[in-house]
Every structure is written in C-alpha cells, then in structure tokens.
Amino acid sequence: MFGATVLVPILTGLNPGATLIASGVGTLLFHLITRGKVPAYLGSSFAFIAPLTLYVTKHHAPNQAVTGLISVSIVYLVFSALIAAIGFNRVKRLIPSVVVGPVVAIIGLSLAGTAVSTDASTHWDVAVVSLAAAIISAVAGPKQLRIIPILVGIVVGYGYAIVRGLVHFGNTSASPWVQFPSIHAPAFSWQVVLAMAPIALVTMVEDLGHMFVLNEIIDRDVTQDPGFSSILLGNGVATLVSALIGGPAETTYAENLGVLAMTRQFSSRIIQGAAVVAILLGLFGKFNAVIQSIPAAVVGGIGILLYGMIAAMGIRHMIEAKVDLTNTKNLIVVAVIFIIGIGAPSNGIAIATVVGLAIYWLLPDRTQIDAEDGGQAAHRG
C-alpha cells in the first residue's frame, strides 16, 4: 500500500512523513473501532487530490484544507449514525450509481492537465520511463509486482532520474533522523468545505465496493458484522486524525484486497503490523526527504496512468451497476456531471455531485411515466 499512500502527498504538496503516520494511526484506529473484524488497510484517498492540490499547492492554504478534511470526516460520522439508525439498505439507495460513476470519472479527468502539462512535460523521457515501468509491471510482471505497479513505476522512474542527474539530495543530508508531524489548526472556509464534503459521498460508495470484494475474499460479510456503520465510523475518525496532523483523507485500499487475495492471509494482526511499519517510516526524517526529492516528471508519468484508471473505474462502476443510458433522465445526469465537473474552474467535482443528485431526485423519470401510462391505456382498452 506504500506507493499509493505516498503518491497523494507528492501530488498535492502535503508532507509524506505525516501522511505515512496518519495512514498507520488511522488504520489502527479503524481496527479498534471495528474490533479487528475487518482486515483492511487505510491509506491516502485519490478522490481528494484535486481540491487538496488547489488549496495546498496552488493557494498555499493548508489550514483551510484541514477544515475541508474535517468536514469530510463529519459526513462520514453523520452517515454512520444514519445507517445505524435506519438501516444500511435505505441509506445506500440515496446515492445512485448514475451519479457515483461519472463523479468518479471526473475526479480522474479533472487532473489530466496537471499530469501532462505541469508534471510530465518537465522531462518527457523520465515520465515515459515511469509510465512504461508501471504498465509493464501491471500487465506482464510476476504476481508480486502486478499488485504494486505504482510503486514499481516510482522506483524505476526515480532510478532513471538519478542517472539523468535530475535528483538533488541536499535536503536529505540536512533533514533530521527523526521528525514528528505538526498539529495543524483549521482555518474555516465555506468554499473548501463545499469543495470536499460532497466527495465523501463518492468515497463511501468506494468503501462499500471494497467491502463487497473483501466479503468474497474472506468468505464473511463485514457489512453485517461489525456492520457498515462501524466501517464508516472508523474511516471518519481516521480522516479526522489525519487532517489534524497534516495528512489527506483516509480510505480503505483496493491494493490491500489484492494482497489478501494473493497471500490468503486474513489476520488483522498482520495489517496492524503494517500500520506500525508505516508510522516508523513516517517518523524517519531522511526517508521523508528522499520521497520529497522525487522529480515532477516521475509523478507526471505515474499520474497519466493513475488518473486515467480512476476515470475508467467510474465508467466501469456504471457498467457493473447496469446504468441504462438509453434512459433520458440518466443521460442528462451523466452529461451535466461531466461538463460541470470538468469545466468549472474550482469546486467543479463538488458542484457536479450536488447538481447530479438534485437532478436525479427531482427530475421525473419519463420512461417510468410512459410505461405507467401505457399500462393504464392497455387496461382501459
């Protein structure tokens, strides 16, 4: 899970060491809340890369980003309480796949310009080597490498960049051996809250998908015991702690599912051990400096693959949910989400999520009305 976890702070300007510590602490808290019954690892969520990049890297407002992430954790906690109160199935119906799929897709597509124009274009040869290494690892590598293509791409691209003389180790020698994360005080901003909080609806559906896959792997239904409300509560608490120490939003990891399926080792103790390793690596100041020395071109090459895969996963979600795009209402929802999400200069993803949900729940389904009218006409005939 390491490659994906540290890629988010590299892309967004957050501190990699604090992110690793947040990942480890968040995973341990998640296991405490779920009573060790869910063998899941919590790492950096890709869904929040765009708003984090906007406020941390471009606007230099990390304290405002903390506020946004706290609002995300509050959404998790609210839905956890709702599920506990009224039931899992009723809450699940509030967030339809015709909204979730295109929102996931625009999370990836909205970052295309950053990957290509900002990062990869600095040294295209480095970007291509990084991208090629990740693709070859995912498609043609041995089983152990096929589950860590991002990490392989970063390592190979970084090694190539060193040979090209593009990596500078000055900060590494000056960094302390042990470095503790700083507590970040939130600075309230409605704009940041509106940019991040709605995306939590998408990541909750992502969590649900991961749990369904996990059920198949371990042959046990974790959405019933300890329950999806406990899973969301653990995720919300982990994100809250991560925000306060300068990390990103936390989410259950698909990479972890691949490891479980391959090793057939389902003990939560093993994952808790991995969390402790993540905390120790995060405290290692010189290791943190090495991560921060990764050139932008390496990040750009990996980003081309990663962001494209996020977009493709959104489309895949609609296909698997059998979303009917011959239905005019569904087509309108998808169309509006795509254009607003990609075209809006800021907060596009959040606005698109809210507008998509509003259209879905407020616009009448003409197909269903026509079918009812046809049935009534046949009855009269």
Side-chain angles (χ1 to χ4, degrees), residues 1-9 16-48 73 76 80 143-152 154 181 203-243 245 247-284 287-288 291:
M1 287 75 74
F2 171 82
T5 298
V6 299
L7 184 60
V8 172
T19 299
L20 281 170
I21 294 171
S23 173
V25 172
T27 298
L28 293 176
L29 288 171
F30 177 85
H31 280 247
L32 178 65
I33 291 169
T34 58
R35 305 190 304 280
K37 293 185 176 183
V38 184
Y41 185 89
L42 270 63
S44 309
S45 173
F46 294 143
F48 298 89
S73 68
Y76 268 102
S80 172
K143 184 183 293 186
Q144 290 82 355
L145 294 184
R146 288 202 300 271
I147 61 173
I148 53 169
I150 292 174
L151 182 58
V152 171
I154 292 175
T203 55
M204 283 190 289
V205 176
E206 178 187 28
D207 276 336
L208 180 59
H210 290 167
M211 293 306 105
F212 285 157
V213 175
L214 181 63
N215 290 344
E216 294 295 324
I217 294 173
I218 67 175
D219 196 25
R220 179 165 54 83
D221 191 350
V222 297
T223 63
Q224 299 299 320
D225 183 21
F228 196 59
S229 60
S230 295
I231 291 167
L232 289 186
L233 176 62
N235 220 323
V237 171
T239 295
L240 176 62
V241 172
S242 178
I245 65 174
E250 300 293 314
T251 187
T252 54
Y253 255 16
E255 288 85 352
N256 174 66
L257 301 178
V259 174
L260 292 177
M262 184 184 74
T263 62
R264 309 303 298 173
Q265 298 295 321
F266 307 142
S267 171
S268 293
R269 295 289 187 187
I270 297 173
I271 296 172
Q272 293 160 13
V276 172
V277 172
I279 294 170
L280 294 176
L281 287 174
L283 292 171
F284 189 16
F287 184 71
N288 184 16
I291 295 173

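Leu42 approaches Thr252 most closely through the heavy-atom pair CD1-CG2, 3.9 Å. Across Thr203 and Phe48, no two heavy atoms sit closer than the pair CG2-CE1, 3.7 Å. For Ser73 against Gly236, the heavy-atom pair with the smallest separation is CB-O, 3.2 Å.
Arg35 CZ: more than 12 foreign heavy atoms inside a 6.0 Å radius.
Here the side chains of Phe46 and Thr251 are not in contact, with every heavy-atom distance at 4.5 Å or above. Residues Arg220 and Asn215 fail the side-chain proximity criterion, which asks for heavy atoms closer than 4.5 Å. Within the 4.5 Å cutoff, the side chain of Pro39 has heavy atoms near those of the Ile218 side chain. The closest side-chain heavy-atom distance from Leu151 to Leu7 is not below 4.5 Å. For the pair Asp207/Tyr76, a side-chain contact is recorded, criterion being any heavy-atom separation below 4.5 Å from C-beta on.
Every residue two or more places apart in sequence or in another chain that forms a side chain to side chain donor-acceptor pair (under 3.5 Å) with Ser242 is listed here: Glu250.
Distance CD/Gln224 to CE/Met211: 13.5 Å, rounded to 0.5 Å. Separating the CZ atom in Phe30 from the OG atom in Ser23 is a distance of 12.0 Å, to the nearest 0.5 Å. In this structure, the separation between OG1 on Thr34 and CZ on Phe228 is 12.5 Å, given to the nearest 0.5 Å.
For the side chain to side chain contact (heavy atoms under 4.5 Å, CB included) with Asn288, the lone residue among Pro16, Pro181, Pro9 that qualifies is Pro16.
In the model, Tyr41 has no side-chain atom that pairs as donor or acceptor with a side-chain atom of Thr5 under 3.5 Å.
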